[in-house]
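For reference, the structure is listed below as structure tokens.
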Amino acid sequence: MNDDIFTFSSDCFNIGQILECGQCFRFDKISDNEYYITAFGKKLLIKQYSKEIMLSPTTNDEFEKLWKHYFDLETDYSKIQEILTANDFVMRDAVEFAPGIRLLNQDTWECLISFIISQNNNISRIKKIIENLCCRFGDESSDGSFSFPSPKILSEAKIKELVQCGTGYRAEYISRAAKKIHNGEIDLEDFKSLSTKELGDSLMKIKGIGRKVADCITLFSFARKDIFPVDVWSKRVMEHFYFNGNEVSINEIHQKAQKLFGCYGGYAQQYLYHYARNFL
DNA sequence: GTCCAGGATCGGA
DNA sequence: TCCGATCATGGA
């Protein structure tokens, strides 16, 4: 037995599906059942054998305080799947395709910057840009990984330096957001007490954050699990299966999602997004 | 060479 | 309120 390994068992947990479904960007695949992730300043190795999941290095205490919530292990996903698939054959296929998806509870600041970068971009490039930012502006830890750069360090970075990381025209957005948060004009901790509508509106006051990016931030790092972000893929899959292939407005997608999935919209969207990216 | 990516902003109708 | 052009970048 090794002290820095924590093992647990879970149904509805597949590390590959969790990480490859587009909700987070700081991970590296070693094999189908073995990944590194970096979150909350820690680099973690995750190995999965059937329902057994091993995390290292970590401790019992750290698991309880950090990883348990990060992997959303307090939530009963089999119950959510039951509700979503009860009367919906599309959701039945989407859930069956990736029943091990879980919604991670990510750091708000990292999530905010990551999804500003995500706009009009693809996942492999988003991963690379974030890695560049971390290597250049983050702090190196003893395990050789780099922390996500703080608001202070990004607010002090030159636009040219941000562009050199591959951020392109988004560099200005990153810089402005970092300044607003570093100078205290925006307090992401305070945002946690806002209603979902107020939270979205507040996020969209930041230049570079529109409806979709705000929705991703509120779903992935403020635990508003009813939110259904509409990007090109979730729009495509909704139009294909729920609008007879007809093109509709983003507002219509939101209304339909609300009607179909209600407070489980965030989970539904993640199953559908992942399903669509592999089959549409 | 063109098209696309977990889109947002801006100006003009 | 809605529409279209534009934005920086790299992979397909």
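Labels below follow one simple rule: chain letters A, B, ... track the order of the sequence lines, proteins then strands, and each chain is numbered from 1.
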With sugar-phosphate meaning primed atoms plus P, OP1 and OP2, does Gly22(A) contact a base, only sugar-phosphate, or nothing at under 4.0 Å between heavy atoms? base
Please determine, for the side chain of Asn120(A), which listed nucleotide (dT9(C), dA8(C), dG6(B)) has the closest atom? dA8(C)
Verify the contact: side-chain N or O of Lys235(A) to OP1 or OP2 of dG6(B), cut-off strictly under 4.0 Å; return yes or no. no
Quick one: do the Asn278(A) and Tyr273(A) side chains pair a donor with an acceptor below 3.5 Å? no
Indicate yes or no: does Arg26(A) engage Glu131(A) in a salt bridge with an N to O separation below 4.0 Å. no
Using whole Å, what does the distance between atom P of nucleotide dG6(B) and atom CZ of Arg236(A) come to? 9 Å
Between dG6(B) and dA5(C), how many Å separate the two C1' atoms, rounded to a whole number? 22 Å
Is Tyr273(A) stacked on the base of dG6(B), meaning ring centres closer than 5.5 Å and planes within 30 degrees of each other? yes
Picking from dA8(C), dA5(B), dG7(B), which would you name as closest to the side chain of Trp233(A)? dA5(B)
Check the distance between dG7(B)'s C1' and His254(A)'s NE2 and give it to me in whole angstrom. 13 Å
Looking just at side-chain N and O atoms, do Glu96(A) and Tyr271(A) make a donor-acceptor pair shorter than 3.5 Å? no
Give Cys21(A) one of three labels, base, sugar-phosphate or nothing, depending on what nucleic acid heavy atoms sit under 4.0 Å from its own. base
Over how many whole Å does the gap from Asn122(A) atom CG to dG10(C) atom P extend? 11 Å
Whole-Å distance between dT9(C) P and Arg170(A) CZ? 9 Å
Touch check for Ile129(A), heavy atoms < 4.0 angstrom, all strands: base, sugar-phosphate only, or nothing? nothing
Counting any heavy atom closer than 4.0 Å, what does Ile123(A) reach on the DNA or RNA strands: base, sugar-phosphate only, or nothing? sugar-phosphate
Note: for Thr167(A) and Lys128(A) on DNA chain C, the residue whose nearest nucleotide lies more 5' is Thr167(A)
Using a heavy-atom cut-off of under 4.0 Å over every strand shown, decide if Arg277(A) touches base, sugar-phosphate, or nothing. sugar-phosphate
Is a donor-acceptor contact shorter than 3.5 angstrom present between the side chain of Tyr169(A) and the base of dG7(B)? yes
For Lys225(A) and Asn105(A), which I'm curious about, is there any donor-acceptor pair between the side chains at under 3.5 Å? yes
Does dA12(C) have OP1 or OP2 sitting under 4.0 Å from an N or O in the side chain of Arg125(A)? no
To the nearest angstrom, the CD-P distance between Gln23(A) and dG6(B) comes to 14 Å
What distance, rounded to whole Å, do you find between the two P atoms, one in dC7(C) and one in dT2(B)? 16 Å
Asp215(A) CG to dA8(B) C1', in whole Å, measures 14 Å
Rounded distance in Å - CG (Leu19(A)) to C1' (dG6(B)): 16 Å
DNA chain B: Ser234(A) or Met204(A), which has the more 5' nearest nucleotide? Ser234(A)
Interatomic distance where CD1 belongs to Ile206(A) and P belongs to dT9(B) [whole Å]: 11 Å
Scan Val230(A) against the nucleic acid and name what it touches under 4.0 Å (heavy atoms): base, sugar-phosphate only, or nothing. nothing
Ring geometry between Phe97(A) and Tyr275(A) (parallel below 30°, tilted from 30 to 60°, perpendicular above 60°): tilted
Assign Glu172(A) to base, sugar-phosphate, or nothing according to its heavy-atom contacts below 4.0 angstrom with the strands shown. nothing
Which residue in the set Tyr70(A), Phe6(A), Phe71(A) passes ring-ring contact (aromatic ring centres under 6.0 Å, His included) when paired with Phe63(A)? Phe6(A)
